[in-house]
Amino acid sequence: MEYCTKLLSLAVPAYGFYTICISLYETYRRKKCVVFESRRALPCYLYLYVKYKIQAFRKRRGQLYPGSETTVNPTFTILNCRLKVNELRWYCWAAGYGWDYPDSVFRDIPLCFCHVLCGRLLAMVTSSNDFRLSPQGLLPVQETIRKRQPIDELKKGCFRLEAGVTEYRPVDSGVEVDICFKALRADQPVWESVLTLLSPRHCPVSPVRHCPTGVDGATEIKPLEIRVPLLTGLKSAWAFSDVSLKNLLVLPPRLGIVGHSSTHGLWMVSRCLAEIEKHKGADELRAPLCVSVQFQQPLELPGRAVIRFWKARDEACLQPSNVYRFQLQDDSTGTCHIMGELVRESD
């Protein structure tokens, strides 16, 4: 019996080490591939994390490195993806929609859920050798999300995910990069997003911004106070930088496990959109739709915040328009965390 116990204690770690090595080797063999099949093994997060650390060591933050003649903007594609209901259910619970949201009738899949689907793609883009910035310390600046068709279309069969760099822009505080994400079914775009990230030249010290005290509409609702938990609940991980979804799975920094004590902007945007849908109905978020968000200040964990949203007034006719504006702030200090605009587009 003792011999079997010793043998088992050696076999289990050896098998685990063997599995990790095989996974890393298979990923390394596919390192030059840019189109992947979801039914086969995708690049594992351990391999991407190692690449991220290597690129972070080689490159300095806030510096745009020149590309060679063969360098192209990194773009990756995953084919034949399938929607996993368990992932959707977990996201809905974490973002404030409710655990049973996927079982609802006549309600579309939440707008920001596609970011969870694109998590691995962002890790692949920012850890690529062709990415001309350091992947460490990237900060979200703004984002534009468009829903071309109901996201429920992704439930009907296989779909394709794409992510890639579209532009680099030197700015006073560093270098900005635009990363475009797409979800397509039958070669028709269903969902698109352009996320602007900043690679700061120095350690960023953002000035405290206060939300405007007035609103441009007469139908502002009562402020909605929300609790920001220490663990916001999402299990997925994006890249391994400050913009990663790891900040949605925050552990205290004193534990030395996951980095920061502030949540990512995606969680804040998801909560704001969830509250708009709860109070104004699902029809207000029907496709076609465009959401623009500016990220202002990080939201510390745990704590409390206030969500406000209102229907903007059309200045031409002084009537409510098809535009909602929303913001999330610390009501005690007036510090603004995000500001956004939701626009219902014409078919």
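Just the heavy atoms: all of them, side chains too, but no hydrogens, waters or symmetry mates, feed the values below. Owing to the predicted nature of the structure, the values given are computational and were not obtained by experimental measurement.
Inter-residue side-chain proximity for Leu195 and Phe181 is flagged as met; some heavy-atom pair is nearer than 4.5 Å. Residues Ser128 and Phe76 are in side-chain contact: their nearest non-hydrogen atoms beyond the backbone lie under 4.5 Å apart. Two residues are said to be in side-chain contact when any heavy atoms from C-beta on lie closer than 4.5 Å; Leu224 and Arg308 fail this criterion. At least one side-chain heavy atom of Ile179 sits under 4.5 Å from a side-chain heavy atom of Leu122. In this structure, the side chains of Tyr101 and Pro110 come closer than 4.5 Å at one or more pairs of heavy atoms. In this structure, the side chains of Phe57 and Gln136 stay at 4.5 Å or more apart for every pair of heavy atoms. Side-chain contact between Ile151 and Phe159 is absent, with no heavy atoms from C-beta onward closer than 4.5 Å. Proximity of Pro223 to Ile307: side-chain heavy atoms (C-beta onward) are nowhere separated by under 4.5 Å.
With rounding to the nearest 0.5 Å, the separation of CG in Asn129 from CD1 in Ile54 is 8.5 Å. Of the inter-residue distances, the one linking Glu341 atom CD with Thr144 atom OG1 reads 10.0 Å to the nearest 0.5 angstrom. Between the CG atom in Leu111 and the CD atom in Glu277 there is a gap of 10.0 Å [rounded to 0.5 Å]. Atom CZ of residue Arg271 and atom CZ of residue Phe326 lie 13.5 Å apart, to the nearest 0.5 angstrom. Atom-to-atom distance recorded for Leu133:CG and Glu176:CD is 10.5 Å, nearest 0.5 angstrom. We find the SG-CH2 distance between Cys272 and Trp267 to be 9.0 Å, quoted to the nearest 0.5 Å.
Both Leu64 and Leu138 are part of a single hydrophobic cluster, where members link through side-chain heavy atoms under 4.5 Å apart. The cluster map of Ile, Leu, Val, Met, Phe, Trp and Tyr, joined by side-chain heavy atoms under 4.5 Å apart, puts Leu161 and Leu48 in the same cluster. Using a 4.5 Å cut-off between side-chain heavy atoms of Ile, Leu, Val, Met, Phe, Trp and Tyr, with links allowed through other members, Val343 and Trp310 fall into different hydrophobic clusters. A continuous path of hydrophobic side-chain contacts links Ile109 to Ile276 [ILVMFWY only; heavy atoms under 4.5 Å]. Ile226 and Phe295 fall within the same hydrophobic cluster, defined by Ile, Leu, Val, Met, Phe, Trp and Tyr side-chain heavy atoms under 4.5 Å apart, directly or through other members.
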Carefully, step by step, assess Lys147 and Asp108 under the rule salt bridge (charged side-chain N to carboxylate O under 4.0 Å, His left out). CA-CA 11 Å; Lys147 180 161 61 169; Asp108 196 11; 3.2 Å; yes
Carefully, step by step, assess Phe309 and His279 under the rule side chain to side chain contact (heavy atoms under 4.5 Å, CB included). CA-CA 10 Å; Phe309 60 87; His279 290 82; 3.8 Å; yes
Step by step, would you call Leu342 with Leu285 a side chain to side chain contact (heavy atoms under 4.5 Å, CB included)? CA-CA 8 Å; Leu342 185 155; Leu285 281 85; 4.0 Å; yes
In sequence, state the C-alpha distance, the side-chain angles, and the governing distance for Leu79 and Phe36, and then conclude on side chain to side chain contact (heavy atoms under 4.5 Å, CB included). CA-CA 6 Å; Leu79 304 174; Phe36 297 86; over 6 Å; no
Just do the side chain to side chain contact (heavy atoms under 4.5 Å, CB included) check on Ile78 and Leu42 with the steps written out, would you? CA-CA 9 Å; Ile78 302 179; Leu42 297 172; 4.2 Å; yes
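Counting heavy-atom neighbours within 6.0 Å of Lys278 NZ, excluding the residue itself, gives a total above 12.
Here the side chain of His337 pairs a donor or acceptor atom with the backbone of Pro298 at under 3.5 angstrom. Ser199 places a side-chain N or O within 3.5 Å of a backbone atom of Gly62 that can act as its donor or acceptor partner. A donor-acceptor pair is defined here as one N or O able to donate and one able to accept, closer than 3.5 Å; no such pair exists between the side chain of Tyr65 and the backbone of Asp130.
Comment: Asp178 engages Arg169 in a salt bridge, judged by a side-chain N to carboxylate O separation of less than 4.0 angstrom. The pair Arg201-Asp172 fails the salt-bridge criterion, with no side-chain N (NZ, NE, NH1 or NH2) lying under 4.0 Å from an Asp/Glu carboxylate O. With respect to Asp330 and Arg304, no salt bridge is recorded, no charged nitrogen being found less than 4.0 Å from a carboxylate O. The existence of a salt bridge linking Glu162 and Arg160 is confirmed by a sub-4.0 Å separation between a basic side-chain nitrogen and an acidic carboxylate oxygen. Electrostatic pairing of Glu192 and Arg146 does not count as a salt bridge here, judged by no charged N lying under 4.0 Å from a carboxylate O.
In plain terms, the two heavy atoms of Asn73 and Val165 that are nearest each other are CB-O, 3.4 Å. Closest approach of Tyr91 to Val116, counting heavy atoms only: CD1-CG2, 3.8 Å. Shown here for Ser127 and Gln55, the closest heavy-atom pair between the two residues is O-CG, 3.7 Å. Of all the heavy atoms in Arg286 and Leu289, the pair that sits closest is O-CB, 3.7 Å. Taking both residues in full, the closest heavy atoms of Pro200 and Leu139 are given as CG-CD1, 4.1 Å, listed atom of the first, atom of the second, then distance. Taking every heavy atom of both residues into account, Pro150 and Val190 meet most closely at O-CG1, 3.6 Å.
Checked by atom type, the side-chain pair Glu143/Ser292 shows no donor-acceptor distance below 3.5 Å.
Note on ring orientation: taking the six-membered ring where Trp is involved, the planes of Trp90 and Trp99 are perpendicular (angle over 60°, cut-offs 30° and 60°).
Ring centroid separation for the pair His115 and Trp191 comes in under the 6.0 Å cut-off.
Within the cation-pi definition used here (under 6.0 Å to the ring centroid, within 45° of the axis), Arg132 qualifies as a partner of Tyr168.
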